[in-house]
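Note sheet for the following structure.
Position 1 is the first residue of the sequence, and the numbers go up from there. Please read all numbers here as calculations on a predicted model, not as lab measurements.
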Amino acid sequence: MFENLIAALKANPRTIVFTEGSDARILEATARLKKDGFLSVILVGSVDEVRKNAADGGFDIEGVEILDPAAYPEMDAMVSKMEALRKGKMTADECRAALQKGNYFGTMLVAMGKADALLGGATYSTADTVRPALQLVKTKPGNRIVSSCFIMVRQSNENERYAFGDCAINIAPSEDELAEIAVETAKTARAFGIDPKVAMLSFSTKGSGKGDDVDKVRSATAKARAADPATPIDGELQFDAAFSPVVARTKCEGSPVAGQANTFIFPEIQSGNIGYKIAQRLGGFDAYGPILQGLNAPINDLSRGCNAEEVYTMAIITAGLK
C-alpha cells in the first residue's frame, strides 16, 4: 500500500520531525526509518535522554539529528518568527515559554522550513498537536478548517480501501464545513489509489427522513458538488444505500454514487468515530490515520495508544503526502 509514497520520498527526499523524541515507540520507528534510508528524521528532546532511551531499547539512531529546545542555538530567531506569526496574540516571553515544549518547537521547525513534516501525539493530545499547527502553519488558502480522514484497508485484501471523514477533529461541522471535508477527503483518497465516489451519509436516503440534520447533509452535498464538480458526490444517503448495489437499486436508482461509494463523509464526529471503530473491530479493517487535511504543511496526530509500527506507517503517510 505504501509503495507509491515510498517511491515519492526516494525521488524527493524529505525530513520529518517527531515531537516526542525520547519515547520508545518513536525511537523504534526512527531506527527502522534510518535503516530504510528514504526519510530523514529530527527528534525533539534532551540529547542525553533520547540517546539513553535509544540505547536501553537497542535502537540504532546513530547520526539522527536530535534538537533540544533548551539548548537550541537559533532560539532567538525562532521566538521572533513565532511572535510575528502570532501577530500580537503572544509576547516574546510567551513564545519562548511555549517553544520549550516539543509540540510548539517541532511545529516551528516546519514553519521555518527546517523540517518538511511533523508527527506528534504519542504523548500529546490531538488538541496539543492541532493547536500549534493552526496557530503557526495555518490552513491552506481557500480552506477554513482542519479536518481528518482515515484510510480503511481490509486486512485480507489490501486492495479493498475506503476513505472515512471526518472521524477525529470536527465535532459538529456546519454544512459549509461538511462540504469542505468531502472535497478534502476525496483528495486524500486519490493519494491512496482510491478513485473517489463520495457518499454524504445520513440516517435518511433522498428524503426518506426529515429534519435539520437531513437538510444540512443535503445542502452540504450541493456545496461539495459545486466546489468539486469533477468528483462524483451524492447525498443524503444511508450507509446501506451508499454501499450495497442491491439496496441502491431500491432506494436511489440512477445515483452516480449509491451502491459503489468508497469515500464516506459522516455528518458529525460521533457517528464517524463509532463507524470507523466498528469497521476495525468487526469488519477486519486496519485504520490508517487520522490524516489531517487542510493545513499548509503535512502534520499528523498519533494515538496515545499507538505502537512503533503505527508510528512508522504514519511517518510514511505524513511525509509522503503532498
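Of all heavy-atom pairs between I194 and A163, the closest is CD1-N, 4.1 Å. Shortest non-hydrogen contact noted between L201 and P267 is O-CD, 3.5 Å. Across every non-hydrogen atom of A111 and L85, the tightest pair is CB-CD1, 4.2 Å. Nearest heavy atom pair, residue L237 against residue V257, reads CD1-CG1, 4.3 Å. Closest non-hydrogen pair, P298 versus T318, comes out as CB-O, 3.1 Å. Closest approach of S204 and G209 over heavy atoms only: OG-N, 2.9 Å.
Within 6.0 Å of CD on Q270 lie no more than 12 heavy atoms contributed by other residues, nucleotides or ligands. Other residues, nucleotides and ligands place no more than 12 heavy atoms under 6.0 Å from the NZ atom of K81. Within 6.0 Å of CG in N4 there are 12 or fewer heavy atoms belonging to other residues, nucleotides or ligands. Applying the 6.0 Å contact sphere to CZ of R51 captures no more than 12 heavy atoms from other residues, nucleotides or ligands. Applying the 6.0 Å contact sphere to NZ of K101 captures no more than 12 heavy atoms from other residues, nucleotides or ligands. Heavy-atom neighbours of N157 CG from other residues, nucleotides or ligands within 6.0 Å: above the threshold of 12.
Interatomic distance, S255 OG to Q260 CD, rounded to the nearest 0.5 Å: 7.5 Å. Summarising the geometry, atom CD belonging to E180 is positioned 10.0 Å from atom OG1 belonging to T185; distances are rounded to the nearest 0.5 Å. A distance of 8.5 Å separates CG in L295 from CG in N143, rounded to the nearest 0.5 Å. Summarising the geometry, atom CZ belonging to R225 is positioned 4.5 Å from atom CG belonging to D234; distances are rounded to the nearest 0.5 Å. Atom CD1 of I181 sits about 11.5 Å away from atom OG1 of T188, to the nearest 0.5 Å. In this structure, I16 CD1 and N300 CG are separated by 8.0 Å, a value rounded to the nearest 0.5 Å.
No chain of hydrophobic side-chain contacts below 4.5 Å, direct or via other Ile, Leu, Val, Met, Phe, Trp or Tyr residues, connects V146 to F164. Under the 4.5 Å side-chain contact rule for hydrophobic residues, I291 and Y124 do not share a cluster. Clustering ILVMFWY residues whenever any of their side-chain heavy atoms sit less than 4.5 angstrom apart, transitively, puts L119 in the very cluster that holds I26. By the criterion of side-chain heavy atoms lying less than 4.5 angstrom apart, applied directly or through intervening Ile, Leu, Val, Met, Phe, Trp or Tyr residues, F239 is not grouped with I269; the two fall into different hydrophobic clusters. At a threshold of 4.5 Å between side-chain heavy atoms, the hydrophobic network of Ile, Leu, Val, Met, Phe, Trp and Tyr places Y312 and V44 in two separate groups.
At a threshold of 4.5 Å between non-hydrogen side-chain atoms, the residues R161 and N262 do not count as touching. Under the 4.5 Å side-chain criterion, counting only non-hydrogen atoms from C-beta, R144 is not in contact with E177. No side-chain heavy atom of Y72 sits under 4.5 Å from any side-chain heavy atom of L99. For the pair I317/F192, a side-chain contact is recorded, criterion being any heavy-atom separation below 4.5 Å from C-beta on. Side-chain contact between R304 and S125: present, with at least one pair of heavy atoms (C-beta onward) separated by less than 4.5 Å. In this structure the side chain of E309 reaches within 4.5 angstrom of the side chain of R32, judged on heavy atoms. Counting heavy atoms from C-beta outward, V50 and V64 have side chains that stay 4.5 Å or more apart. T139 has its side chain within reach of L134: a pair of non-hydrogen atoms, C-beta onward, lies under 4.5 Å apart.
A donor-acceptor pair under 3.5 Å is absent between the side-chain atoms of D215 and the main chain of K210, judged by distance alone. The backbone N or O of I169 sits less than 3.5 Å from a side-chain atom of D166, completing a donor-acceptor pair. Within the 3.5 Å criterion, the main-chain N or O of E160 finds no donor-acceptor partner in the side chain of R154. The closest donor-acceptor contact from the side chain of D23 to the backbone of R25 lies under 3.5 Å. Side chain of E20 to main chain of G121: a donor-acceptor pair is present (N/O by atom type, distance under 3.5 Å, no hydrogens or angles). Side-chain N or O atoms of Q100 include none that pairs as donor or acceptor with a backbone N or O of A97 at under 3.5 Å. At distances below 3.5 Å, at least one donor-acceptor pair connects side-chain atoms of K34 with backbone N or O atoms of E62. K138 places a side-chain N or O within 3.5 Å of a backbone atom of Q135 that can act as its donor or acceptor partner. Under the 3.5 Å distance criterion, the side-chain polar atoms of S219 are left unmatched by any main-chain donor or acceptor of K216. At distances below 3.5 Å, at least one donor-acceptor pair connects side-chain atoms of T313 with backbone N or O atoms of E310.
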Kindly determine whether M75 and F105 satisfy side chain to side chain contact (heavy atoms under 4.5 Å, CB included), including the steps that lead there. CA-CA 9 Å; M75 180 57 74; F105 181 81; 4.1 Å; yes
Start with the C-alpha gap between S147 and E184, add the side-chain angles, then the distance that decides, and say whether side chain to side chain donor-acceptor pair (under 3.5 Å) holds. CA-CA 8 Å; S147 62; E184 289 299 314; over 6 Å; no
Do R86 and E94 pass the salt bridge (charged side-chain N to carboxylate O under 4.0 Å, His left out) test, and can you show the C-alpha distance, the side-chain angles, and the key distance before you say yes or no? CA-CA 11 Å; R86 296 299 289 132; E94 288 171 334; over 6 Å; no
Give the C-alpha distance, both sets of side-chain angles, the deciding distance and a yes or no for side chain to side chain donor-acceptor pair (under 3.5 Å) between K251 and Q238. CA-CA 9 Å; K251 291 188 174 183; Q238 292 164 288; 2.9 Å; yes
Test salt bridge (charged side-chain N to carboxylate O under 4.0 Å, His left out) on D93 and R96; report intermediate values, then the result. CA-CA 5 Å; D93 286 343; R96 193 177 296 275; 5.1 Å; no
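Aromatic rings of F150 and Y276 (six-membered ring for Trp) have centroids within the 6.0 Å cut-off, being under it.
For the side chain to side chain contact (heavy atoms under 4.5 Å, CB included) test, residues two or more places apart in sequence or in another chain that qualify with E83 are A92, C95. Taking F18 as the reference, nothing meets the ring-ring contact (aromatic ring centres under 6.0 Å, His included) condition, with sequence neighbours excluded. For D128, the salt bridge (Lys or Arg N to Asp or Glu O under 4.0 Å) partners two or more places apart in sequence, or in a different chain, are R131.
Salt-bridge annotation for K206 and E253: absent, with no side-chain N of the basic residue lying under 4.0 Å from a carboxylate O of the acidic one.
Between the side chains of T231 and R190, at least one donor N or O sits under 3.5 Å from an acceptor N or O. Defined by atom type and a distance below 3.5 Å, a donor-acceptor pair is missing between the side-chain atoms of S46 and D68.
Ring geometry, F264 versus Y162: the interplanar angle falls from 30° to 60°, so the pair is classed tilted.
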